[in-house]
Amino acid sequence: MVRYQNGDPDAVEELIRRLSPGLLRYLAPSWLPSSEVEDLFQECWMRIHRSRRTYRPTEPVLPWIFAIARHTRLDGYRRRRRREAREVLVANPPENSSRVPGPVGTPPALERDEFFRLLDSLPESQREVLLMLKVSGMSLEEVARATSSTVGAIKQKAHRAYEKLRLKLKLEKECQ
Amino acid sequence: MNMPPEIDGCKLIDAELDRHFGASSGLSAEARGKGLRPELSRQARQHLEECERCRGLYEWISAEVTAAEAAPALYGKIRSALQSTLEPVSPLPSTRALATQFLVAFGLFVLPVSGILGFAGFHRMGLVQLIGVTVILAVGAATLSFSLAWQMTPGTLRRFSTSVAVVVLAAGFLGCIGILFPWRAPKAFVAQGWPCSVMGASIAVPAAALFWLLVRRGAPLSRETLGGALGAIAGLLGVTVLQFSCSRQEAIHLLVWHGGVLVLTTLTGILVARAFKHFSVRSW
């Protein structure tokens, strides 16, 4: 990150290679179409680039990156909602319509394995916390930094998510 | 590994997962993401054997996550976009240095404006009143300066939230004025009062612009929080000038017409930020 701030072009490549998988996972709930994920992903990197001087070398990098990613995602969500509200419903939508009606029956942006299927069924704030903890490998304090929250609040969200997951996993097992 | 006796059953598993994801776990980010099983104490392992619900959760949390990869062309596109505008940048100063800059700007703005409006209020106040009010205003300015400094840098650990800071500041001002200043009914309450509010709000507008110029060097993410904090610190600046220049030092006048400036500017800041958020697409 320091090399990136100093204008080293190789640092850009390394940063993209190392951070992109975690960012992609974070920006892409499984119901979002690939094209929108790619737009968000590009926008996120541009925002990171524009605000690179606000990173302090003494601070951990992941909370800084994910705080920016979080707001990119929120802005994307708001834009999407605004766009959908403006759209006119037609009687027979074209087959290749890019409009995504909801989580059910939509083309997945990334492969939907069991882990992400359950993760995406959680409320957004809990999903976000578990995603950062488990997938991005951040610590509780780093998640608190990235979400402008406290460690206590993050633990509480995680515990609520655990309880929901316990119930869902048990129900699924009983259904099988 | 000994766990507190009151934590048992499923809560024990939650606590062990907290430890696994805690800062002191010593696990690297990659190890956590790659499905390394959280280490459990003997009691927790025993609970897992008995509790099917927790076993399911533990298996889920231990699962290896498949890496997400975008098309190489997309990476190439982003890389070229970033490299084409890549220039060396100097990092922002520390939070403390940024907060000090806000405080200095606050002081440099208050002194000349108070000098122009006169120090009638300063001479009217007793020593205890002067100390009490100055402490509240100074603590408020320092708190809001730190809040703005934290907002300039994404991912900074915040000691308190901006909304808590504004509420505590308002309560402190209310308490200080209510206790230290006389509660006598002022003459011509409205006629003599509203010019104070107008003056305070007029001072707050250029002050907000000054603080905005300082803040925009960073990358504030939440516009509403930023709007509220900018409105609050600009309003506090207006209140500070009024406090030292206004000759009417009765509690009811200070609370309604001076304190009202703080409320008005904070709400205006939030509303302006909301309007900006609504009409713009980019975050900053």
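Here is the naming used below: chain letters follow the sequence lines, and residue numbers restart at 1 for every chain. Small disclaimer: the values here were computed from a predicted structure and weren't measured.
With a 4.5 angstrom heavy-atom cutoff, B:Leu74 touches chain A only via side-chain atoms. Neither the backbone nor the side chain of B:Ser161 comes within less than 4.5 Å of any heavy atom of chain A. With a 4.5 Å cut-off on non-hydrogen atoms, B:Arg55 does not touch chain A at all. For a residue to count as touching a neighbouring chain, one of its non-hydrogen atoms must lie under 4.5 Å from one of that chain's; by this rule B:Thr95 touches chain A with backbone and side chain alike. For chain B, the nearby parts of A:Tyr4 are the backbone and the side chain; heavy atoms of each come within less than 4.5 Å. Neither the backbone nor the side chain of B:Cys51 comes within less than 4.5 Å of any heavy atom in chain A. Residue A:Arg17: no heavy atom, backbone or side chain, is found under 4.5 Å from chain B. With a 4.5 angstrom heavy-atom cutoff, A:Leu119 touches chain B via backbone and side-chain atoms both. Heavy atoms of A:Pro60 lying under 4.5 Å from chain B are absent altogether.
Residue with the most contacts toward chain A among B:Leu57, B:Leu92, B:Asp14, B:Thr156: B:Asp14 (heavy-atom pairs, distance under 4.5 Å).
Side-chain contact between B:Arg53 and A:Leu167 is present, with at least one heavy-atom pair separated by less than 4.5 Å. You'll find the side chain of A:Tyr162 stays beyond 4.5 Å of the side chain of B:Ile13, heavy atoms only. Using a 4.5 Å heavy-atom threshold, the side chains of A:His159 and B:Lys11 count as separate.
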Run the side chain to side chain contact (heavy atoms under 4.5 Å, CB included) check on A:Asn6 and B:Glu87 step by step: do they pass? CA-CA 7 Å; A:Asn6 290 335; B:Glu87 283 167 9; over 6 Å; no

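For the residue pair B:Gln83 and A:Pro9, the shortest heavy atom distance occurs at NE2-O, 2.9 Å. Taking each heavy atom of A:His49 and B:Leu86 in turn, the nearest pair found is CE1-CD1, 3.9 Å. Scanning both residues, B:Arg217 and A:Thr54, for their nearest heavy atoms gives O-CG2, 4.4 Å.
A donor atom on one side chain and an acceptor atom on the other are found under 3.5 Å apart for A:Arg56 and B:Thr153. Residues A:His71 and B:Ser222 have side chains that never bring a donor and an acceptor to within less than 3.5 angstrom of each other.
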